[in-house]
Protein chains: 2
Amino acid sequence: MVNMKKEESTEQQILEAAKNIFQSKGMDGARMQEIADKAGINKAMLHYYYRSKQLLFEAVFKNVFSLLAPQLNTILNDDSSIEEKIRHFTNDYTSFMMKHPYLPNFIINELNRNEDFIIKLKNTTGFPNIKKFKAQVDNEIKAGVLSPIDADQLFVNILALNIFPFLGKPLVKALTTKDETSYMAFVEKRKIEVANFIIQSIKK
Amino acid sequence: MVNMKKEESTEQQILEAAKNIFQSKGMDGARMQEIADKAGINKAMLHYYYRSKQLLFEAVFKNVFSLLAPQLNTILNDDSSIEEKIRHFTNDYTSFMMKHPYLPNFIINELNRNEDFIIKLKNTTGFPNIKKFKAQVDNEIKAGVLSPIDADQLFVNILALNIFPFLGKPLVKALTTKDETSYMAFVEKRKIEVANFIIQSIKK
DNA sequence: ATATTTGTTAACCAAATGGTTAGACTTTAT
DNA sequence: ATAAAGTCTAACCATTTGGTTAACAAATAT
């Protein structure tokens, strides 16, 4: 397959192709030749623009992570109530993931492969900060809106319930004996089911 | 490092070494030489006993999955109430995962890498079956013990809340700014926190 | 005792893989 | 017009990697 988007710069084409291959095959499974083929250019170009596989990978990872971070910041930094945030996040995040099915596994997996890597990310601007969310949870508990719960635990619960269906898709599909269509419907329903589930648990 | 357990058969030593390497590096990242080194034997032995990397990997995967399956069956097939099952599972599963930290990521990741693979597993005896659990949930809803909820959704919620903290450990550690020790304490607390969280949500 | 099967190793091999180089073509600056 | 800088390719290279082979040792059967 040859370059179809003549407008795009070669550097961008490479990044797009690399995102594609790295996300579906991971760092170890990806092949430079395959990325070059997908970008419709010579393999030497990859090194011309990105020097090495490692650096190309890091460029991809940062790019992909920068798609995810705003999604997390939604729940952390707007001014709506916790309940609204949960409903909003659960809906938006699920929609987002349905459009980027490889993303969560890619992020989670590569962070596990190289734990030091996240340290680099933490210094990036836009790395999600949980502080405001925690303060807000504590406030709403004091105000009697929510039952007592540790804000970190709640945060992880929200993430878990939203992310896991994408991470564990093949396993969950098999366990619940759903095909692709019914799994999609199942996940679509979670946009509200999960929000209700969480709120029922924490609301006074 | 050389073979320390002289009792074990070579075949077993290879499997143990392979479990170790495959779980931490994945199929693509693992090297046959590294497995041979860890097992303290010649690389040719790997092929003598397991023919190819692929077959060795499959042997490892089946072996690892057979550790996980009983954990899932706990919640599915005993005779206690749903509430008891959730408390029991949340406690046991977390303990189990703390002892096998690479396991969830390995399973999830390799299933994503090769979706057909789970079909082979489904035919294995001992593959978890969710039927009984679903019937029980529906009964307790009818009996008025639980508020209405789709049993599949509940099942996935339980899995999500228990598995995600291990899958997403590096990410969650970074987001909640915890070090290894405090993360372990955090996960330890979840043994009861998660059970409470779920039960608060579903109990009438 | 001796033939046979099983277990094990060192050395080897072909293919794949990340990376380099020398040169050609294009665009930009002078 | 031409020099310089930037972009691109084909061919090449060294290393890594999964896998094989031939010969040797050890256990087992006859």
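Because the structure is a prediction, the values reported are computed rather than measured. The chains referred to below are lettered A, B, ... by the order of the sequence lines, with proteins before strands, and numbering in each begins at 1.
If you check the side chains of A:Asn114 and A:Glu110, you find no donor sitting under 3.5 Å from an acceptor. Residues A:Arg113 and B:Asn109 bring no donor and acceptor atom of their side chains to less than 3.5 Å of each other.
Of all nucleotides in DNA chain C having an atom under 4.0 Å from a heavy atom of chain A, the first and last in 5' to 3' order are C:dT17 to C:dT21.
Electrostatic pairing of B:Asp152 and A:Lys178 counts as a salt bridge here, judged by a charged N lying under 4.0 Å from a carboxylate O.
Ring geometry, B:Tyr93 versus B:Phe96: the interplanar angle falls from 30° to 60°, so the pair is classed tilted. Using a 30° and 60° split on the angle between ring planes, B:Phe61 and B:Phe65 fall in the parallel class, below 30°.
Distance NZ/B:Lys134 to CZ/B:Phe155: 10.0 Å, rounded to 0.5 Å. Note that the CG atom of B:Leu56 and the OH atom of B:Tyr49 stand 13.0 Å from one another [nearest 0.5 Å].
For B:Glu84 (side chain) and B:Ser81 (main-chain N/O), a donor-acceptor pair under 3.5 Å exists by modelled atom type. Looking only at distances, a side-chain donor or acceptor of A:Asn112 sits under 3.5 Å from a matching main-chain atom of B:Leu167. Distance alone, capped at 3.5 Å, is enough to place a donor-acceptor pair between the B:Gln153 side chain and the A:Phe186 backbone. Under a 3.5 Å cut-off, the side chain of A:Gln136 and the backbone N or O of A:Ser80 do form a donor-acceptor pair. Checking side-chain atoms of B:Arg190 against main-chain N and O of B:Leu161 turns up a donor-acceptor pair under 3.5 Å. A donor-acceptor pair under 3.5 Å is absent between the side-chain atoms of A:Thr90 and the main chain of A:Arg87, judged by distance alone. Using modelled atom types, no side-chain atom of B:Asn63 and backbone atom of B:Ala59 make a donor-acceptor pair closer than 3.5 Å. With hydrogens and angles disregarded, no donor-acceptor distance shorter than 3.5 Å links the side chain of A:Gln23 to the backbone of A:Phe106. The main-chain N or O of A:Asp78 is found under 3.5 Å from a side-chain atom of A:Lys85 such that the two form a donor-acceptor pair. A donor-acceptor distance shorter than 3.5 angstrom exists from the side chain of A:Lys53 to the backbone of A:Met27, with no hydrogens or angles considered.
Remark: nothing in residues 18-26 of chain B comes within less than 4.0 Å of DNA chain D through any heavy atom. Near-neighbour residues of DNA chain D inside residues 44-51 of chain A, defined by a heavy atom below 4.0 Å, number-ordered: A:Ala44, A:Met45, A:Tyr48, A:Tyr49.
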All N/O pairs under 3.5 Å across the protein-nucleotides 24-28 of chain D interface:
none

Show me the protein contacts with nucleotides 13-16 of chain D, counting only N or O atoms at under 3.5 Å.
none

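Atom P of nucleotide D:dA10 and atom CD1 of A:Ile41 are separated by 11 Å, given to the nearest angstrom. Protein atom NZ of B:Lys53 is 8 Å distant from nucleotide atom C1' of D:dT17, rounded to whole Å.
Map B:Thr10 and A:Asn42 each onto its nearest nucleotide of DNA chain C; the residue landing nearer the 5' end is B:Thr10.
Backbone-only engagement by B:Ala30 is indicated by non-hydrogen atom pairs under 4.0 Å involving sugar-phosphate atoms exclusively.
Across B:Met97 and B:Leu68, no two heavy atoms sit closer than the pair CE-CD1, 3.6 Å.
In terms of polar N and O atoms assigned as donor or acceptor, the side chain of B:Lys43 comes within less than 3.5 Å of the base of D:dG18 in a complementary pairing.
The rotation axes computed at either terminus of the helix from C:dA1-D:dT30 to C:dT30-D:dA1 lie 0° apart, taking five pairs at each end and rounding to 10 degrees.
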